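Keep in mind that the numbers below use all heavy atoms, side chains included, and drop hydrogens, waters and symmetry copies. None of the values given here were measured: they were computed from a predicted structure.
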Amino acid sequence: SQTIHQWPATLVQPVGSPLSLECTVEGTSNPNLYWYRQAAGRGLQLLFYSVGIGQISSEVPQNLSASRPQDRQFILSSKKLLLSDSGFYLCAGRRQSGISGANVLTFGAGSRLTVL
Amino acid sequence: AQSVSQHNHHVILSEAASLELGCNYSYGGTVNLFWYVQYPGQHLQLLLKYFSGDPLVKGIKGFEAEFIKSKFSFNLRKPSVQWSDTAEYFCAVNAPGTYKYIFGTGTRLKVLA
C-alpha cells in the first residue's frame, strides 16, 4: 500500500525566513502528488499538484512554490514567509490508474507551520 | 470549475442518534465522490467512495452514502453514531481522468457519550 511521509511535523519560523516542507512516498512509483493547506472552517485548499518529475501545476497564486526533484519526493517551499502562510499543510498521493487503489488520495500526517 | 458545499459546519449528537451530513457538488459531468474522515490527532483517511454503479455505497465503521445525480448530492449517513465517531468529515469530488480533487469545508461532528 501507499504511504505518505511528511516532515517536519511542526515548524515555527520568523516572518521573512525561508521554508522547506518535504513529502516522500513509499509503496508506489510514478504517483500523482498534491499539496493542500487545511484551515479551520475553510476545508482543504489545493495548492499544487504534480504528475511527474519536474511537472508542477499551481492552483492558487501565493507566496509558495513546489518542486518535484525525484519521482517520490515533493517539496513545498517559500523564499520569504508571511504571517498568512501559517497553517496545516498536507501532502497526498494518488496511484496511477489501473493499480489497485487508484483514483483515491492517501494523505500524510501533515506539517503544522507557525509564522511569527 | 468544480466546487463542493458542506452546509453543516458543526453537528452535535448524542450516542445512538442517527447522522446525516450533507454534501452537494457543482459539476456537470461524471464525477468520482469521496468522504474522508479526520479523527482527533490522526491524519485524513478514506471513509467511502463512489465511482459508478449502485448509488448507495457502504464504507467503513457502518457509514454509507447515497449519490443522487439529479440533486448533485452525496450525503453521508449512519443509523446510530458512537462517541468514537467524533471527528471532522470532508466530502470531495474528482472528475474521472483529471487530477484535481476538490474538498468541501468540512463538518465537525461531536458525539456526546
Side-chain angles (χ1 to χ4, degrees), chain A residues 1-7 9-10 23 25-26 30-52 55-60 66 68 74 87-112, chain B residues 1-11 21-27 30-53 57 59-60 65 87-110:
Chain A
S1 64
Q2 180 178 244
T3 304
I4 308 292
H5 300 283
Q6 287 187 244
W7 69 89
T10 58
C23 169
V25 181
E26 184 182 341
N30 199 23
N32 301 145
L33 295 174
Y34 302 78
W35 279 111
Y36 284 88
R37 178 164 53 203
Q38 183 178 5
R42 298 179 63 183
L44 275 68
Q45 181 186 32
L46 178 61
L47 302 177
F48 303 94
Y49 66 91
S50 170
V51 301
Q55 300 179 65
I56 308 295
S57 295
S58 174
E59 285 300 299
V60 182
R68 188 165 175 180
F74 200 28
F88 191 55
Y89 292 87
L90 290 166
C91 181
R94 180 178 85 164
R95 292 175 172 234
Q96 288 297 317
S97 297
I99 298 174
S100 174
N103 297 322
V104 173
L105 292 185
T106 301
F107 285 86
S111 295
R112 186 165 299 282
Chain B
Q2 302 158 33
S3 65
V4 177
S5 296
Q6 292 182 246
H7 304 294
N8 313 105
H9 299 295
H10 291 89
V11 174
L21 301 182
C23 172
N24 289 91
Y25 66 92
S26 167
Y27 186 70
T30 304
V31 290
N32 295 327
L33 295 159
F34 308 84
W35 276 98
Y36 280 83
V37 60
Q38 188 173 36
Y39 297 104
Q42 297 186 28
H43 59 271
L44 273 162
Q45 56 187 284
L46 182 70
L47 199 55
L48 48 78
K49 62 186 185 291
Y50 171 81
F51 289 161
S52 63
V57 293
I60 60 172
E88 191 161 15
Y89 294 81
F90 294 92
C91 183
V93 64
N94 159 255
T98 69
Y99 299 107
K100 293 185 192 180
Y101 289 71
I102 305 301
F103 284 76
T105 52
T107 297
R108 290 196 172 186
L109 170 66
K110 184 170 185 177

message: Check whether A/Tyr34 reaches the backbone of B/Lys100 with its side chain - one donor and one acceptor, N or O, closer than 3.5 Å.
response: no

- request: Quick one: closest heavy-atom pair of B/Phe51 and A/Asn103, and the distance?
  value: CZ-CB, 3.8 Å

query: What distance separates A/Leu33 CG from B/Tyr99 OH, expressed to the nearest 0.5 Å?
result: 12.0 Å

statement: Under 4.5 Å to a heavy atom of chain A? For B/Glu88 that would be side chain

- line: Bottom line for A/Leu46: the part with an atom under 4.5 Å from chain B's heavy atoms is side chain

- prompt: After noting the C-alpha distance and the side-chain angles of B/His43 and A/Gln6, does the key distance pass the side-chain contact (heavy atoms from CB on, under 4.5 Å) rule?
  reply: CA-CA 11 Å; B/His43 59 271; A/Gln6 287 187 244; over 6 Å; no

- prompt: Non-hydrogen atoms of chain B under 4.5 Å away: do they reach the side chain of A/Glu59, the backbone, both or neither?
  reply: side chain

- prompt: Looking at residues at least two apart in the chain, or sitting in another chain, which of them share a side-chain contact (heavy atoms from CB on, under 4.5 Å) with A/His5?
  reply: A/Thr3, A/Trp7, A/Thr24, A/Glu26

Region of B/Gln45 that comes under 4.5 Å of a non-hydrogen atom in chain A: neither

field: A/Ile4 versus chain B, the contacting section by heavy-atom distance below 4.5 Å
entry: neither

statement: So OH of B/Tyr101 and CG of A/Leu105: to nearest 0.5 Å the spacing works out to 5.0 Å

- line: Contacts of A/Ala66 meeting side-chain contact (heavy atoms from CB on, under 4.5 Å) (sequence neighbours excluded), chain-then-number -> A/Trp35, A/Phe48, A/Ile56, A/Phe74

From CD1 (B/Ile102) to CD (A/Gln45), nearest 0.5 Å: 10.0 Å

message: Would you compute the distance between atom CZ of B/Phe90 and atom OH of A/Tyr36 and round it to the nearest 0.5 angstrom?
response: 11.5 Å

task: Only one of B/Val4, B/Thr105, B/Leu44 passes side-chain contact (heavy atoms from CB on, under 4.5 Å) with A/Leu44; say which it is.
output: B/Leu44

- request: Check whether B/Leu46 gets within reach of chain A through its side chain, its backbone, both or neither, counting any heavy atom under 4.5 Å.
  value: side chain

